[in-house]
Amino acid sequence: MDKLRLRLVKKIDDSYDIIIGNNIFQDIAEGLCSLKLGKIAIITDNNVNVLYGDKFLKLLKSKNLNSFMISFNAGEKNKTRKTKSKIEDVLASQGLGRGGLIIALGGGVVGDLSGFIASTYMRGISFIQIPTTLLAMVDSSIGGKTAVDTEKGKNMIGTFYQPKRVFIDINTLETLSDDEMLNGLAEIIKHAIIIDEKFFVFLEDYVSKILAKDNNVLVQAIKWSCNIKKKIVENDETEKSLRKILNFGHTIGHAIEKASNYQITHGEGVALGMVAETKIAFEMKKINEREMNKIISLIEKSGFNIKLSKIDIKEIYDNTKFDKKNKGGIPLYVLPTKIGRVEADLEVKEEVVLQVLGGMK
Ligand SMILES: NC(=O)c1ccc[n+]([C@@H]2O[C@H](COP(=O)([O-])OP(=O)(O)OC[C@H]3O[C@@H](n4cnc5c(N)ncnc54)[C@H](O)[C@@H]3O)[C@@H](O)[C@H]2O)c1
Ligand SMILES: [Zn+2]
């Protein structure tokens with residue numbers, strides 16, 4: 001027997017900058033001019049296209065950057081393999097080569113889909129994120145998770161593929177709806193609860209200003225939140241350990257979204273999920289009453305509904321068993337032990353979940 005060993009010990013530097021500012025489209029365009037790029041494909045959805053896409057494309061063209069735009073219909077329902085392959089065909093017919101660049105201009109749907117396309121198109125080409133929702137700014141544009149949904153579940157097929165840069169232009173939030181602001185806020189609050197008590201105190205003071213889109217407060221909150229996400233990803237890029245803590249509020253949150261037939265938004269689901277999981281932590285004597293009440297009041301004060309009303313509790317519980325982050329059918333929870341600290345990989349008894357959910361009616 002002969003043996004040849006193909007050695008592939010990898011040391012890759014995938015570091016990148018996250019740039020946060022006001023009205024930075026012009027700077028982005030100028031920055032692109034200095035990189036000797038091939039073609040540039042801007043991928044966006046139809047809403048963002050109308051608001052910022054055309055303007056951005058014109059700007060790139062005015063700098064003689066060889067660019068074109070692809071827009072697909074907005075919404076999670078289009079984060080699919082079908083949309084992916086349609087876009088790939090356009091990229092190929094436009095002659096986007098390996099030296100080209102994909103720019104994701106939009107919310108998390110655009111970012112996840114474009115990142116996935118960039119990771120497989122010609123075995124991987126460069127891409128940049130320009131997130132335009134609060135959620136995408138503080139969460140989905142950072143960390144390199146890309147995916148599309150299938151009928152069997154959300155984010156079923158995807159890759160870890162980091163962008164070359166993330167540009168956050170706070171001014172794009174001017175057109176974002178209140179509901180979408182709340183979606184992002186839920187993840188911001190989550191970041192504070194899991195790892196940063198000081199940030200939590202900041203949010204207690206300034207949450208209403210975030211929702212009112214006060215520029216200074218928004219910049220601070222976004223910067224703080226991105227820094228938390230960045231540190232977690234630096235520590236555990238592919239979610240083998242620390243990154244799991246970002247799932248706080250999501251085991252019950254996803255289950256609620258599903259039980260409501262997605263009438264409840266992701267942010268509302270996560271808010272309810274954080275309340276439920278904090279109450280579970282209290283029942284399991286992991287967190288004290290004072291800290292629990294502070295968490296719940298911040299969530300309530302932010303404008304989230306913290307009652308389950310008509311949603312079927314047994315259905316929520318059953319849905320948790322199909323959570324992606326489970327071990328042999330048993331969902332594993334991330335529970336707070338105090339503000340700024342959580343414990344991961346915890347099993348919770350059925351009766352505790354049902355009792356807590358029952359109390360939230
Ligand atoms: N990759 C990750 O780590 C990660 C993390 C969290 C969520 N996600 C994914 O992110 C997606 C959700 O992202 P989202 O909440 O940004 O949703 P989204 O991309 O659907 O955007 C929400 C809506 O806002 C519109 N919009 C975007 N920017 C706007 C602006 N500036 N002004 C007005 N309207 C604007 C969009 O057209 C859309 O209708 C989900 O698919 C989720 O799975 C990914
Ligand atoms: Zn989330």
Side-chain angles (χ1 to χ4, degrees), residues 17-22 108 131 133-143 166 168 170 173 176 180-236 239 241-250 253 266-279 281-282 286-304 306 334-344:
D17 293 328
I18 301 160
I19 292 137
I20 304 165
N22 283 102
T133 63
L134 185 58
L135 181 136
M137 291 177 183
V138 300
D139 193 355
S140 62
S141 69
I142 301 166
V166 181
I168 298 176
I170 308 277
L173 294 179
L176 198 68
E180 295 299 341
M181 285 297 290
L182 270 183
N183 263 334
L185 183 63
E187 307 291 352
I188 292 178
I189 294 174
K190 177 192 78 179
H191 284 158
I193 297 170
I194 59 177
I195 216 160
D196 196 331
E197 191 183 1
K198 273 197 190 142
F199 188 34
F200 187 90
V201 174
F202 172 89
L203 294 176
E204 286 182 315
D205 289 340
Y206 292 112
V207 74
S208 54
K209 290 202 171 182
I210 294 177
L211 292 172
K213 301 181 184 170
D214 175 295
N215 192 69
N216 282 343
V217 173
L218 262 180
V219 172
Q220 282 186 71
I222 290 170
K223 221 158 107 183
W224 210 326
S225 210
C226 287
N227 202 29
I228 291 170
K229 174 101 194 235
K230 161 196 110 81
K231 283 194 176 143
I232 293 171
V233 173
E234 278 171 349
N235 187 289
D236 172 27
E239 204 169 325
S241 51
L242 184 72
R243 195 165 177 171
K244 287 182 195 167
I245 69 173
L246 291 166
N247 205 39
F248 170 57
H250 283 63
H266 182 65
E268 289 166 335
V270 170
L272 283 161
M274 290 193 290
V275 170
E277 291 175 15
T278 303
K279 288 185 169 189
F282 177 69
K286 295 221 168 260
I287 192 168
N288 70 38
E289 194 168 6
R290 192 172 153 266
E291 301 265 309
M292 169 181 75
N293 289 338
K294 279 172 99 174
I295 292 176
I296 296 172
S297 19
L298 175 61
I299 294 168
E300 199 171 14
K301 182 176 160 188
S302 305
F304 291 103
I306 59 164
V334 175
L335 300 179
T337 52
K338 67 189 276 297
I339 292 164
R341 181 98 24 107
V342 284
E343 223 178 291

Quiz prompt | Residues which pass side chain to side chain contact (heavy atoms under 4.5 Å, CB included) with L335, listed by chain and number, not counting sequence neighbours | solution =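 Per chain and number, L335 pairs via side chain to side chain contact (heavy atoms under 4.5 Å, CB included) with E277, I280, A281, M284, Y333, L346, V348.
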Say whether, by atom type as modelled, one donor and one acceptor occur between the side chain of [X] and the main chain of [Y] under 3.5 angstrom.
| X | Y | answer |
| --- | --- | --- |
| T278 | M292 | no |
| K229 | V138 | no |
| D214 | K209 | no |
| N247 | H250 | no |

Atom [atom1] of [X] and atom [atom2] of [Y]: how far apart are they, to the nearest 0.5 Å?
| X | Y | atom1 | atom2 | answer |
| --- | --- | --- | --- | --- |
| E300 | I306 | CD | CD1 | 3.5 Å |
| F304 | L298 | CZ | CG | 9.0 Å |
| I20 | I222 | CD1 | CD1 | 7.0 Å |
| K294 | N288 | NZ | CG | 9.5 Å |
| H191 | I245 | NE2 | CD1 | 9.0 Å |
| L211 | Y206 | CG | OH | 15.0 Å |

Quiz item: Is any NZ, NE, NH1 or NH2 atom of the basic residue among E204 and K301 found under 4.0 Å from an Asp or Glu carboxylate oxygen of the other?
Solution: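 So E204 does not pair with K301 through a salt bridge.
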Quiz item: Is it true that E187 and K190 have a side-chain N and a carboxylate O under 4.0 angstrom from each other?
Solution: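 Looking at E187 and K190, the cut-off is met.
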Exercise. Please report the C-alpha distance between V201 and I339 in whole Å, then the side-chain angles of each, then the deciding distance to 0.1 Å, and finally whether the side chain to side chain contact (heavy atoms under 4.5 Å, CB included) criterion is met.
Key: CA-CA 10 Å; V201 174; I339 292 164; over 6 Å; no
Self-check item: side chain to side chain contact (heavy atoms under 4.5 Å, CB included) assessment of K231 paired with N227
Solution: CA-CA 6 Å; K231 283 194 176 143; N227 202 29; 3.7 Å; yes
To check you understand the geometry: which heavy-atom pair defines the closest contact between [X] and [Y], and what is its length?
| X | Y | value |
| --- | --- | --- |
| L176 | L134 | CD2-N, 3.5 Å |
| R243 | I232 | CA-CG2, 3.6 Å |
| I193 | I295 | CD1-CG2, 3.6 Å |
| V342 | P336 | CG1-CA, 3.6 Å |
| A221 | I210 | CB-CD1, 3.6 Å |
| A136 | G108 | CB-N, 3.7 Å |

Practice problem: Give the ring-plane orientation class for W224 versus F199, where under 30° counts as parallel, over 60° as perpendicular and anything between as tilted. | Solution: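 Judged by the thresholds at 30° and 60°, the geometry between W224 and F199 is parallel.
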Practice problem: Run through L218, T133, L135 and flag the one making a side-chain contact (heavy atoms from CB on, under 4.5 Å) with M181. | Solution: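 Going through the options one by one, the only one that passes is L218.
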Practice problem: Using the salt bridge (Lys or Arg N to Asp or Glu O under 4.0 Å) rule, pick out the option among E343, E197, E289 that qualifies with K338. | Solution: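 Single salt bridge (Lys or Arg N to Asp or Glu O under 4.0 Å) partner of K338 among E343, E197, E289: E197.
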Practice problem: Take V275 and K279 through the test side chain to side chain contact (heavy atoms under 4.5 Å, CB included) and record every step on the way to the result. | Solution: CA-CA 6 Å; V275 170; K279 288 185 169 189; 4.0 Å; yes
Quiz prompt | V207 side chain near I188 side chain, heavy-atom distance below 4.5 Å | solution =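 When only atoms from C-beta onward are counted, I188 and V207 do not touch, as no gap falls below 4.5 Å.
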